[in-house]
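As the structure is a prediction and not an experimental result, all values here were calculated from the model.
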Amino acid sequence: MGRIFVVELDGRSYRCKFCRTHLALPDDLVSKSFHCRRGKAYLFNNAVNITVGTLEERMMLSGMHTVADIFCCCCGQIVGWKYEAAHEKRQKYKEGKFVPERGRIVDETEYSSEVYIDTRPSMSDGED
């Protein structure tokens, strides 16, 4: 195998819920109104730091599509799928787009306010 090079996105981003790796920018968000078996999903024009699985024919809520699961390149968790081909003309706009599942990604603002406070007793440099 090879070395993994991770792309760091500038500004606010959507990240892998499991390892916080950058996956997509809000500017690439097309729609928040997608649904999957496990809940909500988002449609993006672009995604980074993912690996694409094997193509398969899958019956989706909107009809038959050729899709591939997408995985976080760092932790290997499945984060959603990619539309490779749509069989219906009105669904062609999805081709080449990425659909991370909402339950598997986090918006950077959801956890950026987390602060770690060390409550363990400690000594300062002056105390020995």
Side-chain angles (χ1 to χ4, degrees):
M1 200 146 141
R3 187 175 194 170
I4 296 174
F5 291 94
V6 177
V7 176
E8 294 283 328
L9 298 172
D10 290 332
R12 187 177 141 227
S13 65
Y14 291 92
R15 297 178 178 217
C16 173
K17 176 181 179 178
F18 306 99
C19 70
R20 304 291 196 241
T21 299
H22 295 211
L23 298 175
L25 290 170
D27 290 346
D28 288 320
L29 182 62
V30 175
S31 174
K32 288 185 173 183
S33 62
F34 275 66
H35 295 277
C36 61
R37 283 177 258 157
R38 292 184 276 270
K40 292 183 178 182
Y42 293 170
L43 183 69
F44 285 89
N45 281 321
N46 298 303
V48 297
N49 300 323
I50 55 135
T51 56
V52 179
T54 307
L55 294 178
E56 62 180 72
E57 299 296 315
R58 196 179 291 170
M59 180 56 77
M60 310 297 270
L61 294 173
S62 58
M64 186 64 76
H65 293 82
T66 304
V67 299
D69 288 331
I70 55 174
F71 303 86
C72 174
C73 73
C74 289
C75 69
Q77 288 286 329
I78 185 170
V79 292
W81 69 92
K82 179 182 180 185
Y83 284 109
E84 292 292 340
H87 298 279
E88 296 179 27
K89 190 174 183 175
R90 62 184 176 84
Q91 299 296 319
K92 294 284 186 187
Y93 75 96
K94 297 176 182 177
E95 291 181 343
K97 293 188 172 50
F98 300 87
V99 185
E101 296 176 11
R102 187 64 189 99
R104 296 178 174 274
I105 61 171
V106 291
D107 185 332
E108 190 170 51
T109 59
E110 292 174 2
Y111 70 92
S112 62
S113 61
E114 290 179 11
V115 176
Y116 173 74
I117 300 174
D118 187 356
T119 58
R120 296 175 295 170
S122 65
M123 297 187 315
S124 68
D125 290 341
E127 299 176 47
D128 284 323

Item to check | Pairwise side-chain contact, R58 with D69, heavy-atom cut-off 4.5 Å (strictly under) | outcome: yes
Checklist entry - Going by the salt bridge (Lys or Arg N to Asp or Glu O under 4.0 Å) test, which pairs reach into residues 71-85, not counting sequence neighbours? => result K82-E84
Item to check | Separation of L9 CG from Y14 OH (nearest 0.5 Å) | outcome: 12.5 Å
Item to check | Minimum-distance pair of heavy atoms, taken over all atoms of H87 and E57 | outcome: NE2-OE1, 2.6 Å
Item to check | L25-V48 co-clustered via ILVMFWY side chain contacts under 4.5 Å | outcome: yes
Next on the checklist: Restricting to ring pair (Phe, Tyr, Trp, His ring centres under 6.0 Å), what partner residues turn up for F98, sequence neighbours left out?
Outcome noted: none
Checklist outcome for this item: Closest heavy-atom pair, A68 versus V52, reported as atoms and distance to 0.1 Å, is CB-CG1, 3.5 Å
Next on the checklist: Could you measure the distance from the CD1 atom of I105 to the OG1 atom of T21? Nearest 0.5 Å is fine.
Outcome noted: 13.0 Å
Checklist entry - In terms of hydrophobic clusters joined by side-chain contacts under 4.5 Å, are V79 and L29 together? => result yes
Checklist entry - How many angstroms lie between atom CG of N46 and atom CG of D28, to the nearest 0.5 angstrom? => result 4.5 Å
Checklist entry - Crowded around K40 NZ? As in, over 12 foreign heavy atoms under 6.0 Å? => result no
Next on the checklist: Through direct or indirect side-chain contacts below 4.5 angstrom among Ile, Leu, Val, Met, Phe, Trp and Tyr, which residues connect to V99?
Outcome noted: V30, F34, L43, M60, V67, W81, Y83, Y93
Checklist entry - Are the side chain of R102 and the backbone of G39 linked by a donor-acceptor contact shorter than 3.5 Å? => result no
Checklist entry - So which heavy atom on G63 is nearest to which on H65, and how close? => result O-ND1, 2.9 Å
Checklist entry - Is there side-chain contact between H22 and V7, with at least one heavy-atom pair below 4.5 Å? => result no
Item to check | Side-chain touch C74/C16, heavy atoms, less than 4.5 angstrom | outcome: no
Checklist entry - If only atom types and distance count, is the side chain of S13 paired as donor or acceptor with the main-chain N or O of R15 below 3.5 Å? => result no
Item to check | Pairwise distance CD(Q77) to SG(C19) - rounded to 0.5 angstrom | outcome: 8.5 Å
Item to check | Closest heavy-atom pair and its distance - G76, F71 | outcome: O-CD2, 3.5 Å
Item to check | Taking every non-hydrogen atom, the tightest pair across D107 and R12 | outcome: OD2-NH2, 2.6 Å
Item to check | Closest approach of F18 to C75 (non-hydrogen atoms, all atoms of both residues) | outcome: CB-SG, 4.0 Å
